[in-house]
Amino acid sequence: MAEKENKKNKKKSTVGTAAQKMLLGGQMTEEQEEILTPTQMVFRSFIHDKVAMAGVCCFLFIFACCVVLPFFWPIDMYYQDVTQANVAPGFGMLKVPKSLQGNAEQISIGSTFSVGIDKEGHVYEWGQFPTEKLKKLPSGMGKLTQISAGLDHIVALNEDGELFTWGNDRMGLASIPMDLRMGETITKVYAGYQFSLALTERGRLYNWGNDYLLELKFPEGVQGNIKTFDANNDIAIVLTNDGRVVPLTKKTNAYTAVPEVIQGHVVDIALSDESAAAVTDDGKVYTWGNNIKGSQRVEESVQGHVKAIEGGRFHYVVLLDDGTLGVWGDDAFSQTKIPAINESIEQISAGYYGTYAISESGKVYSWGLDGYMMGTDDFGRDVFRRLLKGGRMTMTVGAIAVIISTIIGVIVGGVSGYKGGKVDNLMMRLTEIVSSLPFLPFAIILSAIIGNSISETQRIIMIMIILGFLSWPGIARLVRGSVLAEREQEFVTAAKALGVKEWGIIFRHILPNVITVIIVNATLDFATCMLTESSLSFIGFGVTEPNATWGNMLNSARSATVIENYWWRWVFPAAILAICTVSINCIGDGLRDAIDPKSKER
């Protein structure tokens, strides 16, 4: 009988322990429960909430990316480049076709694509094409000897001296001058932004396309005496047969300040978007114009050894007399990072943000802009980099607004709940007045009245302050209710008996007991403030361009054309904002359930 009673008691003990383990996540024994503090209990419960922990991981990952990655992918907020507008996500702009490797004759770089010809004169195209017309090659081209890519059109020359052009045909790009159709022997072709150029054997330069963008003015004695040329969106410069550099314009600008010391000794020329460069017969490089992004900082190691030079948007590449390369200028897309090359280079080609080098064996090396992870917007700005920058701004606005509202709410709620009576009545009426103010109309009216008279930084500060000062009533009521319950406890009576001042009782004794409730509410308010800031920016009354937030990125993508054709401009900002706010809400819900397990039943 006694043996049966012992087995029964043992079974009850086992059942009780199992129940405790189940209630506490199956991870604790009875002895462990006795030594756990309430904070440890909350922590254990929270980390066993899979949804909450998933929210923590997602939010921390997004937060870390927005804080750390901008140091590796910096962004110039005022950068714009229409040649890179609305480029789809993906890479491969510089990925040379395998059939061209080891057999390359010439390569030319367009805005987001490249073209090349092999030693048999066959055409190759790769990259991201601004228009489908670029893929439609003209028939009957035969063996090509030269090719050039522009913004969204291509010009090619075959072995019979015939010119071909395809791609966009606006502004007369398809209208090849009659002189070039009548048997003029062409030595060089060039496709530019919205124009094309061709140089004949007789030293005459012809242009067609947008005459307003590039208007050529030939000084006396230049036309018919041209050896080679180069051009950008503003000007064309030529190298004459007697080694002189001549800008083809009558206007005085940065490009016309050609160093007099080089005249008569130049063997090659190149243009970037803001400067010009020339190689003299002693292998030295001279630059002039605007020193934008280091385009005029010539590497000293190359001086005296340069054979040829090519220019991109803001960088230069030179071929040295020993078959090696030199490069300087802008490095926003790794244009200056030359890959490992173990053979002599025979030919170089630079343009926009990329560079190609062809070795003696015909192998092609490439470096520079290979694509965009999340595409670009209508100003050619990298969506991925703007997402990182915008996330930092959106989170900062939300966090500071929550800090302001929490401080005000805790002070008002704590004093109101502890004092009671007239003080409580007065503060609660004030709380009701503030909570009745409609935030969005108030912010829009205030922004419309003073928005244009303040700087962008002041506007951002104003948004944070407005968000903070109009968001505290909720937490004030919550703190008041908690303090009303806590002020009747024995430890408050003991503190009063010891002569502790009222402020000390409220903030040193009562508030620590309700701090978990405050943390939960602040966490949930953080997501709300982020959404509110994004809403303001979306309707144009929040943070404005060129500063990036997730809200104004969505604002720029709300047209039907963007939604239909450029999905990446709204999908990525919307997705990251949704994931971030949902993650924060999951964290808040997990904290609430951990602090008050009965809330799950409700």
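Only heavy atoms go into these numbers, but all of them, side chains included; no hydrogens, no water, no symmetry mates. This is a predicted model, so every value here is computed, not measured.
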Chemist: Please determine whether the number of non-hydrogen atoms from other residues, nucleotides or ligands lying under 6.0 Å from atom NZ of Lys119 exceeds 12.
Modeler: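 It does: Lys119 NZ has more than 12 such atoms within range.
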Chemist: Is the closest side-chain heavy-atom distance between Ile587 and Met53 below 4.5 Å?
Modeler: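 Side-chain contact under 4.5 Å: no.
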Chemist: Would you tell me whether Thr287 and Ser275 have side-chain atoms, one donor and one acceptor, within less than 3.5 Å of each other?
Modeler: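 No, because no side-chain N or O of Thr287 sits under 3.5 Å from a partner of the opposite role on Ser275.
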Chemist: Closest approach of Pro138 and Phe164, non-hydrogen atoms and distance?
Modeler: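 Nearest pair, atom of Pro138 first, then Phe164: CB-CD2, 4.3 Å.
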Chemist: For the CE atom of Met530 and the OG1 atom of Thr394, what is their distance to the nearest 0.5 Å?
Modeler: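 Here the interatomic distance stands at 6.0 Å.
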Chemist: Under a 3.5 Å cutoff, is there a donor and acceptor pairing between the side chains of Tyr353 and Asp81?
Modeler: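 Yes.
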Chemist: Please report the interatomic distance CG(Asn168) to CD1(Ile154), rounded to the nearest 0.5 Å.
Modeler: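 Answer rounded to 0.5 Å: 11.0 Å.
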Chemist: Where do Trp208 and Tyr206 land on the ring-ring contact (aromatic ring centres under 6.0 Å, His included) test, with the steps shown first?
Modeler: CA-CA 7 Å; Trp208 65 99; Tyr206 294 86; 8.6 Å; no
Chemist: What residue among Asn232, Asn291, Asn290 forms side-chain hydrogen bond (donor to acceptor under 3.5 Å, both in side chains) with Glu274?
Modeler: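 Among Asn232, Asn291, Asn290, the one that satisfies the side-chain hydrogen bond (donor to acceptor under 3.5 Å, both in side chains) with Glu274 is Asn290.
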Chemist: If I take atom CG from residue Asp589 and atom CG from residue Leu524, how far apart are they, to the nearest 0.5 angstrom?
Modeler: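 Nearest 0.5 Å value for the CG-CG distance: 6.0 Å.
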Chemist: If you apply the rule side-chain contact (heavy atoms from CB on, under 4.5 Å), what do you find for Tyr372 with Met93, and how did you get there?
Modeler: CA-CA 9 Å; Tyr372 299 93; Met93 290 183 185; 3.9 Å; yes
Chemist: side-chain contact (heavy atoms from CB on, under 4.5 Å) between Gln296 and Trp328: does it pass, once the steps are laid out?
Modeler: CA-CA 8 Å; Gln296 294 191 45; Trp328 66 90; 5.9 Å; no
Chemist: Is the shortest side-chain N to carboxylate O distance from Asp377 to Arg569 below 4.0 Å?
Modeler: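 Judged by the 4.0 Å cut-off on N to carboxylate O distance, Asp377 and Arg569 do not form a salt bridge.
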Chemist: I'd like to check the side chain to side chain contact (heavy atoms under 4.5 Å, CB included) partners of Cys57; sequence neighbours left out, ordered by chain and number.
Modeler: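 Applying side chain to side chain contact (heavy atoms under 4.5 Å, CB included) to Cys57 gives none.
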Chemist: Measure across Lys293 and Tyr79 and return the closest heavy-atom pair with its distance rounded to 0.1 Å.
Modeler: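 Here Lys293 and Tyr79 meet closest at NZ-CD1, 4.2 Å.
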Chemist: Any chance you could lay out the side-chain contact (heavy atoms from CB on, under 4.5 Å) test for Lys143 and Ile117, step after step, and finish with the verdict?
Modeler: CA-CA 9 Å; Lys143 181 180 179 180; Ile117 54 177; over 6 Å; no
Chemist: About how many Å separate SG of Cys529 and CE of Met464, when rounded to the nearest 0.5 Å?
Modeler: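 So the gap between those two atoms works out to 11.5 Å.
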Chemist: Going through the distances and angles, do Val317 and Ile309 end up as a side-chain contact (heavy atoms from CB on, under 4.5 Å)?
Modeler: CA-CA 6 Å; Val317 181; Ile309 187 168; over 6 Å; no
Chemist: Search all heavy atoms of Leu173 against all heavy atoms of Thr165 and return the closest pair with its distance.
Modeler: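 Minimum heavy-atom separation between Leu173 and Thr165: O-CG2, 3.7 Å.
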Chemist: Can you tell me if Gln347 uses its side chain to pair, donor with acceptor, with the backbone of Glu105 under 3.5 Å?
Modeler: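 Confirmed, Gln347 side chain pairs with Glu105 backbone.
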Chemist: Would you name the heavy atoms of Cys66 and Leu387 that are closest together and state the gap between them?
Modeler: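 In this case the closest contact between Cys66 and Leu387 is SG-O, 4.4 Å.
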Chemist: Under 6.0 Å from the six-membered ring centre of Phe229 and within 45° of its axis: does the NZ or CZ of Lys188 meet both?
Modeler: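 Verdict for Phe229: a cation-pi partner in Lys188.
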Chemist: Please enumerate all residues that pass side chain to side chain contact (heavy atoms under 4.5 Å, CB included) together with Glu310, with sequence neighbours excluded.
Modeler: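 Side chain to side chain contact (heavy atoms under 4.5 Å, CB included) list for Glu310, sorted by chain: Ile348, Ala350.
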Chemist: Going by atom types only, do Gln84 and Asp382 share a side-chain donor-acceptor pair under 3.5 Å?
Modeler: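 Per modelled atom types, Gln84 and Asp382 side chains form no pair under 3.5 Å.
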Chemist: Just checking Lys389: does its NZ atom have more than 12 heavy atoms from other residues, nucleotides or ligands closer to it than 6.0 angstrom?
Modeler: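 No, not enclosed.
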Chemist: Taking atom types as modelled, find out whether Ser99 and His122 have a side-chain donor-acceptor pair closer than 3.5 angstrom.
Modeler: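 Per modelled atom types, Ser99 and His122 side chains form no pair under 3.5 Å.
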Chemist: Name the orientation class of the two ring planes belonging to Trp73 and Phe384 (parallel below 30°, tilted from 30 to 60°, perpendicular beyond 60°).
Modeler: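 Taking Phe384 first and then Trp73, their aromatic rings stand perpendicular (interplane angle over 60°).
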Chemist: Side chains of Ser559 and Thr561: do they bring a donor and an acceptor to under 3.5 Å?
Modeler: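 No - no donor-acceptor pair under 3.5 Å links their side chains.
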Chemist: Identify the heavy atoms of Leu271 and Ala276 that sit nearest to each other, and give their distance.
Modeler: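 Shortest heavy-atom separation between Leu271 and Ala276 comes out as CD2-CB, 3.4 Å.
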Chemist: Is any side-chain heavy atom of Val245 closer than 4.5 Å to one of Trp288?
Modeler: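 Heavy-atom side-chain distance check passes, below 4.5 Å.
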Chemist: More than 12 non-hydrogen atoms from neighbouring residues, nucleotides or ligands closer than 6.0 Å to CZ on Phe61, yes or no?
Modeler: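 No, CZ of Phe61 has 12 or fewer neighbouring heavy atoms, counting only those of other groups under 6.0 Å.
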Chemist: So do Leu248 and Leu205 actually touch side chain to side chain, heavy atoms under 4.5 Å?
Modeler: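 Yes, close enough: below the 4.5 Å cut-off.
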Chemist: Show the numbers, then the answer: is there a ring-ring contact (aromatic ring centres under 6.0 Å, His included) between Phe572 and Trp550?
Modeler: CA-CA 9 Å; Phe572 291 121; Trp550 292 339; over 10 Å; no
Chemist: If you apply the rule salt bridge (charged side-chain N to carboxylate O under 4.0 Å, His left out), what do you find for Lys307 with Glu346, and how did you get there?
Modeler: CA-CA 10 Å; Lys307 288 172 54 180; Glu346 190 176 67; over 6 Å; no
Chemist: Given side chains that start at C-beta, do those of Tyr316 and Glu299 come closer than 4.5 Å, heavy atoms only?
Modeler: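 A side-chain contact under 4.5 Å is absent here.
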Chemist: Within the structure provided, determine whether Leu325 and Leu320 are in side-chain contact (heavy-atom separation under 4.5 Å).
Modeler: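 No - every pair of side-chain heavy atoms lies 4.5 Å or more apart.
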Chemist: The test is side-chain hydrogen bond (donor to acceptor under 3.5 Å, both in side chains); show your working for Ser295 and Arg313 and say whether it passes.
Modeler: CA-CA 9 Å; Ser295 60; Arg313 290 299 297 270; over 6 Å; no
Chemist: Could you walk me through whether Tyr356 and Ser114 pass the side-chain hydrogen bond (donor to acceptor under 3.5 Å, both in side chains) test, one step at a time?
Modeler: CA-CA 10 Å; Tyr356 292 96; Ser114 299; 2.8 Å; yes
Chemist: To the nearest 0.5 Å, tell me how far Tyr193 OH sits from Ser111 OG.
Modeler: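 Rounded to the nearest 0.5 Å, the OH-OG separation comes out at 9.5 Å.
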Chemist: I'd like to check Gln101 versus Lys98 (side-chain heavy atoms, cut-off strictly below 4.5 Å). Are they in contact?
Modeler: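 A side-chain contact under 4.5 Å is absent here.
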Chemist: Do Val543 and Ile463 have side-chain heavy atoms sitting under 4.5 Å apart?
Modeler: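 Touching, per the 4.5 Å side-chain cut-off.
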Chemist: Are the charged groups of Lys337 and Asp331 less than 4.0 angstrom apart, N to O?
Modeler: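 Here Lys337 pairs with Asp331 in a salt bridge, since their nearest N and O are under 4.0 Å apart.
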Chemist: Any ion pair linking Lys251 and Glu215 (charged N to carboxylate O, less than 4.0 Å)?
Modeler: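 Salt bridge absent between Glu215 and Lys251.
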Chemist: Does Ser537 reach the main-chain N or O of Thr549 with its side chain, forming a donor-acceptor pair under 3.5 Å?
Modeler: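 Checking the backbone N and O of Thr549 against the side chain of Ser537, no donor-acceptor pair under 3.5 Å is found.
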Chemist: Are more than 12 heavy atoms from other residues, nucleotides or ligands located less than 6.0 Å from atom CZ of Phe63?
Modeler: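 Counting neighbours around CZ of Phe63, 12 or fewer heavy atoms of other residues, nucleotides or ligands fall under 6.0 Å, so no.
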Chemist: Heavy-atom distance under 4.5 Å between the side chains of Tyr365 and Ile345, does that happen here?
Modeler: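 Touching, per the 4.5 Å side-chain cut-off.
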Chemist: When rounded to the nearest 0.5 angstrom, what is the spacing between CZ in Phe314 and OG in Ser272?
Modeler: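 So the gap between those two atoms works out to 7.5 Å.
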Chemist: Is there a donor-acceptor contact under 3.5 Å from the side chain of Asp370 to the main chain of Leu94?
Modeler: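 Checked: pair present.
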Chemist: Using a strict threshold of under 4.0 Å (side-chain N to carboxylate O), is an ion pair present between Arg170 and Asp152?
Modeler: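 Counted as a salt bridge, because a side-chain N and a carboxylate O are separated by less than 4.0 Å.
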Chemist: Go through Asn103 and Glu120 one step at a time and tell me if the side-chain hydrogen bond (donor to acceptor under 3.5 Å, both in side chains) criterion holds.
Modeler: CA-CA 9 Å; Asn103 193 33; Glu120 287 75 40; 2.8 Å; yes
Chemist: Return the minimal non-hydrogen interatomic distance between Val155 and Ser196, and the atom names on each side.
Modeler: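 In terms of heavy atoms, the two residues are closest at CG2-OG, 3.4 Å.
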